[in-house]
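Only one structure is covered here, and it is reproduced in the block below.
Note that this is a predicted model, so its numbers are computed, not measured.
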Amino acid sequence: MTLALFDLDNTLLAGDSDHAWGEFLAEKGHVDAEAYARANDRFFADYQSGTLDINAFCQFVFAVLARNTPATLAQWHAEFMRERIEPMLLSKAQALLEKHRQLGHTLVIITATNQFVTGPIAKRLGVEHLIATQPEQDANGHYTGQVLGVPCFQEGKITRLEAWLKDHDDSLDGSWFYSDSRNDLPLLERVTHPIAVDADPILSGIADERGWQQLSLRD
């Protein structure tokens with residue numbers, strides 16, 4: 001199978017679902033709005049600059065999951081999808097996914113944003129395979145506040161993808177990867193077809209130097 005790999009935030013979506021989830025929680029009063037928004041913005045700035053402490057960020061995000069029941073979280077997420085994610089959907093991103101489907105490629109979203117946030121988004125986009133940072137759950141489905149395994153971020157995307165490839169008896173031969181972020185350079189350097197999508201300035205410059213294709217999915 002030929003893999004078509006896609007980053008999610010600011011690639012297939014016109015925005016960052018992780019940061020938007022934090023904004024949603026603060027706006028709805030599910031957290032201490034001022035303190036949470038301030039920390040959420042700080043972590044997002046670190047991500048954009050390539051300096052994010054992924055483990056600290058996961059502790060911050062997963063604490064909210066651990067304090068609430070799965071039923072409550074599901075209700076919040078459904079509202080989040082309607083209010084925040086639907087406006088981020090891009091017709092050109094949908095067309096790109098469909099192009100790879102028509103070519104018979106196996107579509108995979110691979111994202112640092114956690115499975116709780118991104119699972120319903122991948123389903124909405126019609127992408128069966130999702131590799132994301134995993135929040136740990138206990139036997140009853142309640143979140144523990146801890147990360148399960150390796151966060152799917154920077155080099156961690158390679159680690160998680162290699163495990164997925166082994167499980168699916170697949171390889172990166174002929175593979176594609178679309179991303180906007182400098183944080184995805186490790187994986188972009190591993191695939192056959194690296195493509196910068198609405199790239200940040202650092203990635204755009206590297207793509208120019210290396211002759212990688214660049215495109216925009218923004219309407």
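Using a distance-only test at 3.5 Å, with no hydrogens or angles considered, no donor-acceptor pair links the side chain of N140 to the main chain of H142. Not a single donor-acceptor pair under 3.5 Å links the side chain of T72 to the backbone N or O of N68. Between the side chain of T113 and the main chain of T118, no donor-acceptor pair closer than 3.5 Å is present. Under a 3.5 Å cut-off, the side chain of S49 and the backbone N or O of A45 do form a donor-acceptor pair. Here the side chain of R160 pairs no donor or acceptor atom with the backbone of P151 at under 3.5 angstrom. Using modelled atom types, no side-chain atom of T106 and backbone atom of L3 make a donor-acceptor pair closer than 3.5 Å.
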> side-chain contact (heavy atoms from CB on, under 4.5 Å) between T133 and V147: does it pass, once the steps are laid out?
Replying inline: CA-CA 8 Å; T133 299; V147 181; 4.3 Å; yes
> Are I158 and R190 close enough, and set up right, to give a side-chain contact (heavy atoms from CB on, under 4.5 Å), and what steps lead you there?
Replying inline: CA-CA 9 Å; I158 303 289; R190 292 287 293 272; 3.2 Å; yes
> Passes side-chain contact (heavy atoms from CB on, under 4.5 Å), D167 versus L165? Steps please.
Replying inline: CA-CA 5 Å; D167 288 344; L165 291 170; over 6 Å; no
>> Does S204 form a side chain to side chain donor-acceptor pair (under 3.5 Å) with Q214? I'd like the steps, not just the answer.
In response: CA-CA 8 Å; S204 182; Q214 298 200 58; 3.1 Å; yes
>> Set out, in order, the CA-CA distance, both residues' side-chain angles and the distance that settles side-chain contact (heavy atoms from CB on, under 4.5 Å) for W212 and L203, then state yes or no.
In response: CA-CA 10 Å; W212 293 350; L203 177 56; 4.1 Å; yes
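With rounding to the nearest 0.5 angstrom, the OG1 atom of T111 is 5.5 Å from the NZ atom of K157. D198 CG to D180 CG: the interatomic distance, rounded to the nearest 0.5 Å, is 7.5 Å. Here the straight-line distance linking atom CZ of F60 with atom CG of N40 works out to 5.0 Å at 0.5 Å rounding. For the atom pair I110 CD1 and I131 CD1, the distance stands at 4.5 Å (nearest 0.5 Å). If you take CD1 on I195 and OG1 on T11, they are separated by 11.5 Å, rounding to the nearest 0.5 Å. Taking NE2 of H193 as the start and CG of L188 as the end, the distance is 13.0 Å to the nearest 0.5 Å.
Under 3.5 Å, the side chains of D9 and S17 contain a donor-acceptor pair of N or O atoms. A donor-acceptor contact closer than 3.5 angstrom is absent between the side chains of Q137 and T144. A donor-acceptor contact closer than 3.5 angstrom links the side chains of H19 and D41.
For D169, the CG atom is loosely surrounded, since the number of other residues' heavy atoms within 6.0 Å does not exceed 12. Counting non-hydrogen atoms of neighbouring residues, nucleotides and ligands closer than 6.0 angstrom, the CD atom of E83 exceeds 12 such neighbours.
Contact check on E79 versus R84 returns no salt bridge, with no Lys/Arg side-chain nitrogen under 4.0 Å from an Asp/Glu carboxylate oxygen. Taking 4.0 Å as the cut-off between side-chain N and carboxylate O, K166 and E162 do not count as a salt-bridged pair. The pair E128-K123 fails the salt-bridge criterion, with no side-chain N (NZ, NE, NH1 or NH2) lying under 4.0 Å from an Asp/Glu carboxylate O.
Relative ring orientation between W76 and H30 is described as parallel, the plane-to-plane angle staying below 30° on a 0-90° scale split at 30° and 60°. Using the six-membered ring where Trp is involved, H129 and H168 have ring planes that are perpendicular, over 60° apart on the 30 and 60° scheme.
When all heavy atoms of R101 and L125 are compared, the closest pair comes out as NH2-O, 3.0 Å. Among all heavy-atom pairs drawn from G50 and Q154, the shortest one is O-NE2, 3.8 Å. Counting all heavy atoms, side chain and backbone alike, R218 lies closest to N10 at NH2-OD1, 3.2 Å. Taking every heavy atom of both residues into account, H77 and P120 meet most closely at CE1-CG, 3.4 Å. Between I121 and I85 the shortest heavy-atom distance is CD1-CD1, 3.7 Å. Nearest heavy atoms, L89 versus L13: CD2-CD2, 3.8 Å.
Residues V64 and L148 do not share a hydrophobic cluster, clusters being chains of Ile/Leu/Val/Met/Phe/Trp/Tyr side chains in contact below 4.5 Å. In the hydrophobic clustering of ILVMFWY residues, with side-chain heavy atoms under 4.5 Å counting as a link, L215 and L107 come out together. At a threshold of 4.5 Å between side-chain heavy atoms, the hydrophobic network of Ile, Leu, Val, Met, Phe, Trp and Tyr places L5 and L185 in one connected group. One hydrophobic cluster, built from ILVMFWY side chains closer than 4.5 Å, holds both L130 and V61. V117 and M81 fall within a single hydrophobic cluster, where Ile, Leu, Val, Met, Phe, Trp and Tyr side chains are chained together by heavy-atom contacts under 4.5 Å.
Residues L97 and V127 meet the side-chain proximity criterion, which asks for heavy atoms closer than 4.5 Å. Residues R210 and I206 form a side-chain contact, since some pair of their non-hydrogen atoms from C-beta on lies under 4.5 Å apart. At a threshold of 4.5 Å between non-hydrogen side-chain atoms, the residues E34 and D32 count as touching.
Evaluated for a ring pair (Phe, Tyr, Trp, His ring centres under 6.0 Å) with F43, the options F153, Y36, F57 yield exactly one hit, F57.
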Per-pair distances, 0.1 Å, donor-acceptor, side chain in residues 170-179, under 3.5 Å, sequence neighbours excluded:
unit_1	atom_1	unit_2	atom_2	d
S171	OG	D173	N	3.2
S171	OG	D173	OD2	3.3
S175	OG	L172	O	2.7
S175	OG	T192	N	3.4
Y178	OH	H100	NE2	2.7
S179	OG	S181	N	3.2
S179	OG	D184	OD2	2.5

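Aromatic ring centres of Y143 and F62 lie farther apart than the 6.0 Å criterion allows.
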